[in-house]
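Report on one structure; see the data block that follows.
All values below come from the heavy atoms of this structure, side chains included, with hydrogens, waters and symmetry mates left out. Residue numbers start at 1 and run along the sequence shown.
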Amino acid sequence: MYSSPVFEGNFYQFSEQEPQRAPIGIFDSGVGGLTVLRQLYRHLPNESVIYFGDTARLPYGIRTQAEILQFVREILTWMQQQQVKMVIMACNTSSALALEIVQEEFNLPILGVILPGAKAAVQQGSRIGVIATPATAKSNAYRHAILEINPDVQVWQVGCPEFVPLIEQNRIHDPYTTEVARSYLEPLLQQEIDTLVYGCTHYPHLAPVLRSLLPSQVKLVDPAVHVVAACAQELDLLGLKNTHPPLPTRFVVSGCPRQFAQSSIQWLGHTPVVEEVCFTDATVSHLQQDCVG
């Protein structure tokens, strides 16, 4: 087990007799993981959720593995203190660089997005393009996962460093974003891909832009859909699926709560109440923020 200072600030309290009612933890560097949250709402509507966005340290895609591992350990330790029953690592960069390590260190189920996404991609096509953060692309995590499933397919990856900042800044419909997307897709289109994987949970937010630039026959694979399916299977296997009404989703960020609330309105359909968590050497302090709007 990873040894770390004890963090304070439990929000939910659950008895050992009711582990099914404990929340699922979802974390990402920012609003990208909301694509996973939406799928969870759709397919597992009884589950309570704690969503953490590490907005003070985004983007993750330009970080080193050592940095990512430190961040993930801090977040998972905090999640354990919130008594979550499972964690979905809704961040491809973290899944690529830290998942296997922390699965060995932490005594709770931790799911990543890469393997579910790779399985879905292989089922869709044989000429697979992956758009991802530079760190995920450099790790070759998708290539390895896809080729391990089917060594006969072809895989091309492109690192897209500008996508996450543009999405976090709500610049999806900016003409500049379309030009950036065009430049990232060009080498994949030259390879005549038949399938494109969103190798970052932020990227489904760009679906209208990407769809406008891709031939109609290219299939889009959103790993968020498939990691939630894997989550449902895992809950069934562990006997942890909740059958009671869910508690309200708790939104927590490491950066500016107001900025996250404003950025997430268009994806959630409402303005969330967002808390700030400040990681320090010994504790995590919470600052409840008023609902924006």
Side-chain angles (χ1 to χ4, degrees), residues 24-30 32-40 54 58-65 67-69 71-73 75-76 86-106 108-151 153-161 163-164 184 188 193 195-206 219-234:
I24 293 172
I26 298 177
F27 78 85
D28 182 53
S29 61
L34 296 178
T35 59
V36 174
L37 180 62
R38 287 189 301 181
Q39 294 299 327
L40 195 140
D54 197 6
L58 70 79
Y60 274 19
I62 59 173
R63 299 285 190 171
T64 66
Q65 182 177 20
E67 288 176 309
I68 294 297
L69 189 55
F71 299 165
V72 171
R73 283 169 167 161
I75 295 165
L76 289 174
M86 177 181 292
V87 174
I88 299 177
M89 194 179 287
C91 171
N92 285 264
T93 303
S94 298
S95 295
L97 300 180
L99 178 62
E100 293 183 2
I101 296 172
V102 295
Q103 282 176 329
E104 293 293 324
E105 294 177 344
F106 286 83
L108 79 164
I110 306 170
L111 302 180
V113 289
I114 289 176
L115 183 57
K119 289 179 177 178
V122 169
Q123 293 172 352
Q124 292 290 333
S126 59
R127 300 180 66 82
I128 300 170
V130 180
I131 49 175
T133 67
T136 300
K138 185 178 179 180
S139 75
N140 279 313
Y142 268 103
R143 181 190 300 277
H144 293 324
I146 290 169
L147 294 180
E148 187 171 329
I149 298 166
N150 184 349
V153 305
Q154 293 179 280
V155 185
W156 296 273
Q157 302 173 115
V158 174
C160 308
F163 273 169
V164 169
Y184 290 152
L188 300 176
I193 60 169
T195 304
L196 181 69
V197 179
Y198 295 131
C200 172
T201 49
H202 278 75
Y203 296 176
H205 295 318
L206 290 169
K219 302 178 184 69
L220 296 173
V221 173
D222 182 359
V225 176
H226 305 286
V227 74
V228 170
C231 175
Q233 291 180 340
E234 192 78 4

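Separating the CZ atom in Arg63 from the CG atom in Leu58 is a distance of 8.5 Å, to the nearest 0.5 Å. A distance of 11.0 Å separates CD of Gln65 from OG of Ser94, quoted to the nearest 0.5 Å. Atom SG of Cys91 is separated from atom CD1 of Ile75 by 8.5 Å, given to the nearest 0.5 angstrom. Interatomic distance, CG of Leu196 versus CD1 of Ile131, reported as 4.5 Å (0.5 Å rounding). Rounding to the nearest 0.5 Å places CG of Asn140 at 5.0 Å from CD of Gln157. Rounded to the nearest 0.5 angstrom, Asn92 CG and Ile114 CD1 are separated by 5.0 Å.
Under the 4.5 Å side-chain criterion, counting only non-hydrogen atoms from C-beta, Thr201 is not in contact with Pro223. Side-chain contact between Cys231 and Ile88 is present, with heavy atoms from C-beta onward closer than 4.5 Å. At a threshold of 4.5 Å between non-hydrogen side-chain atoms, the residues Leu147 and Val155 count as touching. Using a 4.5 Å cut-off on side-chain heavy atoms (C-beta onward), Glu67 and Tyr60 make no contact.
Between the Thr195 side chain and the Lys219 main chain, no donor and acceptor come within less than 3.5 Å of each other. Side chain of Ser95 to backbone of Val113: a donor-acceptor contact under 3.5 angstrom is found. Not one N or O on the side chain of Tyr198 forms a donor-acceptor pair closer than 3.5 Å with the backbone of Leu220. In this structure, the side chain of Thr93 does not engage the main chain of Ala135 through any donor-acceptor pair within 3.5 Å.
Ring orientation note: the planes of Phe163 and Tyr184 are nearly perpendicular, at an angle over 60° on the 30°/60° scale.
Closest of all the heavy-atom pairs between Ile26 and Ala90 is CG2-CB, 3.7 Å. The shortest heavy-atom contact between Phe106 and Arg73 is CZ-O, 3.7 Å. Across Val221 and Ala121, no two heavy atoms sit closer than the pair CG2-CA, 4.0 Å.
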When you look at Phe27 and Leu76, which way does the side chain to side chain contact (heavy atoms under 4.5 Å, CB included) test go after all the steps?
-> CA-CA 9 Å; Phe27 78 85; Leu76 289 174; 4.1 Å; yes
Check the pair Asp28 / His202 against side chain to side chain contact (heavy atoms under 4.5 Å, CB included), numbers first and verdict last.
-> CA-CA 9 Å; Asp28 182 53; His202 278 75; 3.1 Å; yes
Begin with the C-alpha distance, continue with both residues' side-chain angles, and end with the deciding distance and a verdict on side chain to side chain contact (heavy atoms under 4.5 Å, CB included) for Glu234 and Met86.
-> CA-CA 9 Å; Glu234 192 78 4; Met86 177 181 292; 3.4 Å; yes
Full working for side chain to side chain contact (heavy atoms under 4.5 Å, CB included) between Leu97 and Leu69 | CA-CA 7 Å; Leu97 300 180; Leu69 189 55; over 6 Å; no
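Heavy atoms from other residues, nucleotides or ligands lying under 6.0 Å from CD of Glu100 number 12 at most.
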